[in-house]
A.B. asks: 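This is the structure, below, for whatever I ask next.
Start at 1 with the first residue, then count along the sequence. Keep in mind it's a predicted model, so treat the numbers as computed, not measured. Below, all heavy atoms of this structure are taken into account, side chains as well, without hydrogens, waters or symmetry copies.
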Amino acid sequence: MSTIAISEREFARFQRFILDIAGITMSDAKKALVSGRLAKRLHYFGLESYDAYFELLAGGQHPDETQTAVDLLTTNETYFFREARHFDLLREAATAHGASGNGPFRVWSAACSSGEEPYSIAMVLADVLGDVPWEVVASDISTRVLQRARVGHYPMERATHVPADYLKRFCLKGIREQQGTLLVDRALRERVLFRQVNLNTQLPSELGMFDVVFLRNVMIYFNADTKRQVVARVTSRLKPGGQFFIGHSESLHEISNAVQPVVPSVYRKAA
């Protein structure tokens, strides 16, 4: 299947499409990515241009196709226990909560991608909290990555930073045709609630409030206005005294006063 060339005007239409739906600002450098990822959909519908595919999306006759296009255009890259310091701080917060025993300890992985982050969180909570109630909610805009996340099956190279005892306790190592992969243990998978959430729209009220929120390596795709709106929505679900983790290449400077910096990439909501 040969890839149809995408014009500047067609690319600009899809830049606006993903900005309007997901709040993601797509740089001009992503032109090849857009044509490469959407070419298979043109082929599927027998279309000869990206304009024709855009008109198909806009026409509303294929409502599920909009989600397919969003799935294809949102980039998802992650691994287990990324940015280890955040998990040390999570461990400390969970330990302190376990000592006070005040309701379930709730953590939200707000852009969970293919699931490595929420499963890393769940491993820490299962280890630290024992019988103390805890909950992990994991959300993403992409139904495609959420499907993969629920399965919990990964290449072993994604698990380089998983502590050895966690690998033994919480993961099954693939054998024979599954060699070189791992499967997150069913008991742990069942403790993580995956759901589709678009952070660029009003959040579902049933999400509830959280002790810790991870929103890492997501804001790099947003412009300043969208960052402010998304961070305001997400931090509104953080309990007083709760911690907010962002990516090391990100900052909330001039973005939010709802949380205060503790160390780089770590913020806390006033108690």
Side-chain angles (χ1 to χ4, degrees), residues 18 21-25 67 70-71 73-83 85-87 89-90 93-94 104-125 134-150 191-252 255-256 258-262 265-269:
I18 202 67
I21 290 182
I24 292 172
T25 301
Q67 182 62 53
V70 169
D71 288 351
L73 294 176
T74 47
T75 303
N76 313 96
E77 187 63 45
T78 187
Y79 52 87
F80 287 94
F81 287 91
R82 183 176 188 170
E83 297 171 9
R85 178 67 178 138
H86 290 167
F87 292 96
L89 293 169
L90 174 67
F105 187 76
R106 303 190 75 234
V107 183
W108 181 18
S109 172
C112 71
S113 187
S114 44
E116 290 91 334
E117 179 178 276
Y119 287 134
S120 300
I121 294 166
M123 289 180 201
V124 171
L125 301 189
W134 56 268
E135 297 172 11
V136 177
V137 176
S139 67
D140 202 276
I141 191 174
S142 170
T143 53
R144 178 175 53 93
V145 294
L146 288 170
Q147 247 174 329
R148 280 168 49 203
R150 289 186 181 99
R191 297 296 303 268
V192 179
L193 173 64
F194 288 100
R195 59 178 300 162
Q196 187 192 21
V197 173
N198 183 350
L199 301 177
N200 200 40
T201 60
Q202 186 175 349
L203 299 176
S205 58
E206 62 270 20
L207 273 176
M209 300 295 288
F210 296 92
D211 298 278
V212 176
V213 174
F214 285 69
L215 183 70
R216 305 191 301 173
N217 308 304
V218 179
M219 287 185 289
I220 52 175
Y221 301 111
F222 298 153
N223 63 29
D225 283 344
T226 304
K227 284 180 189 177
R228 289 188 193 96
Q229 293 165 21
V230 167
V231 170
R233 284 186 202 103
V234 173
T235 54
S236 73
R237 299 310 178 93
L238 194 60
K239 295 177 186 176
Q243 292 188 84
F244 185 59
F245 297 138
I246 64 174
H248 278 299
S249 63
E250 300 171 318
S251 169
L252 296 186
I255 296 296
S256 175
V259 289
Q260 301 304 315
V262 179
S265 76
V266 179
Y267 295 77
R268 188 184 303 278
K269 196 167 189 178

A.B. asks: Any chance you could measure Leu146, atom CG, to Cys112, atom SG, to the nearest 0.5 Å?
C.D. replies: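 With rounding to 0.5 Å, CG (Leu146) is 5.0 Å from SG (Cys112).
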A.B. asks: Do Arg148 and Glu116 meet the salt-bridge criterion of a basic N to acidic O distance under 4.0 Å?
C.D. replies: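 Arg148 and Glu116: not salt-bridged.
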A.B. asks: Does a donor on one side chain sit under 3.5 Å from an acceptor on the other, for Ser113 and Asp140?
C.D. replies: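 Side-chain D/A pair, Ser113 to Asp140: absent.
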A.B. asks: Show the nearest heavy-atom pair for residues Val213 and Leu238, with the distance to one decimal.
C.D. replies: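 Result for this residue pair: CG2-CD1, 3.7 Å.
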A.B. asks: Please report the shortest heavy-atom distance between Tyr267 and Val262, naming the atom on each side.
C.D. replies: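 Looking at all heavy atoms of both residues, the shortest contact is C-CG2, 4.0 Å.
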A.B. asks: State, to 0.1 Å, how close Ile21 and Asn198 come at their nearest heavy-atom pair, and which atoms those are.
C.D. replies: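 Scanning both residues completely, I find the closest heavy atoms to be O-ND2, 2.9 Å.
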A.B. asks: Quick one, Asn200 with Thr226, criterion side-chain hydrogen bond (donor to acceptor under 3.5 Å, both in side chains). Give me CA distance, side-chain angles, the key distance, then yes/no.
C.D. replies: CA-CA 7 Å; Asn200 200 40; Thr226 304; 4.7 Å; no
A.B. asks: Write down the atom of Leu199, the atom of Ala110, and the distance for their closest heavy-atom approach.
C.D. replies: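 It is CD1-O, 3.6 Å.
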A.B. asks: What residues form a side chain to side chain contact (heavy atoms under 4.5 Å, CB included) with Gln147, not counting sequence neighbours?
C.D. replies: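 For Gln147 there are no side chain to side chain contact (heavy atoms under 4.5 Å, CB included) partners, ignoring immediate neighbours.
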A.B. asks: State yes or no: are the ring centers of Phe87 and Phe214 separated by less than 6.0 Å?
C.D. replies: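 Between Phe87 and Phe214, the centre distance is under 6.0 Å.
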A.B. asks: Is a salt bridge present between Arg106 and Asp211, judged by a nitrogen-to-oxygen distance below 4.0 Å?
C.D. replies: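 Salt bridge flag = no for Asp211 with Arg106.
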A.B. asks: Is Glu206 atom CD crowded by more than 12 heavy atoms from other residues, nucleotides or ligands, each under 6.0 Å away?
C.D. replies: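 Count over threshold, so yes.
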A.B. asks: Assess, by modelled atom type and distance only, whether the side chains of Gln229 and Asp225 contain a donor and an acceptor separated by less than 3.5 Å.
C.D. replies: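 No.
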A.B. asks: When you measure from the side chain of Ser109 to the backbone of Ala138, do you find a donor-acceptor pair of N or O atoms at a distance under 3.5 Å?
C.D. replies: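 No; zero donor-acceptor contacts below 3.5 Å.
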A.B. asks: Between the side chain of Asn217 and the main-chain N/O of Gly247, is any donor-acceptor distance below 3.5 Å?
C.D. replies: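 No, Asn217 side chain to Gly247 backbone: no donor-acceptor pair under 3.5 Å.
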A.B. asks: Measure centre to centre between the rings of Tyr79 and Tyr119, then say whether the value is under 6.0 Å.
C.D. replies: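 Here the rings of Tyr119 and Tyr79 have centres that are no less than 6.0 Å from each other.
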A.B. asks: How long is the gap from CD1 on Ile141 to OG1 on Thr74, to the nearest 0.5 Å?
C.D. replies: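 Going from the CD1 atom of Ile141 to the OG1 atom of Thr74 covers 6.5 Å.
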A.B. asks: How far apart are the closest heavy atoms of Leu89 and Gln243, and which atoms are they?
C.D. replies: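 Smallest heavy-atom distance, with atoms named: O-NE2, 3.8 Å.
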A.B. asks: Would you check if the side chain of Glu250 reaches a backbone N or O of Val218 as a donor-acceptor pair within less than 3.5 Å?
C.D. replies: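 A pair under 3.5 Å: yes.
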A.B. asks: Check for a donor-acceptor pair, side chain of Arg268 on one end and backbone N or O of Gly241 on the other, with a separation under 3.5 Å.
C.D. replies: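 At least one qualifying donor-acceptor pair exists.
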A.B. asks: Which of these, Val231, Ile24, Thr25, Ile255, sits in a side-chain contact (heavy atoms from CB on, under 4.5 Å) with Phe222?
C.D. replies: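 When side-chain contact (heavy atoms from CB on, under 4.5 Å) is applied between Phe222 and each of Val231, Ile24, Thr25, Ile255, only Ile24 qualifies.
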A.B. asks: Looking at Glu117 and Arg82, is there a salt bridge between them, counting it only when a charged N and a carboxylate O are closer than 4.0 Å?
C.D. replies: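 Not counted as a salt bridge, because no side-chain N and carboxylate O are separated by less than 4.0 Å.
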A.B. asks: Under 3.5 Å, is there a donor-acceptor pair between the His86 and Arg216 side chains?
C.D. replies: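 Yes, Arg216 and His86 have a side-chain donor paired with an acceptor closer than 3.5 Å.
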A.B. asks: Determine, for Trp108 and Arg237, whether the Lys NZ or Arg CZ falls below 6.0 Å from the six-membered ring centre while staying within 45 degrees of the axis.
C.D. replies: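 Arg237 over Trp108 ring: no.
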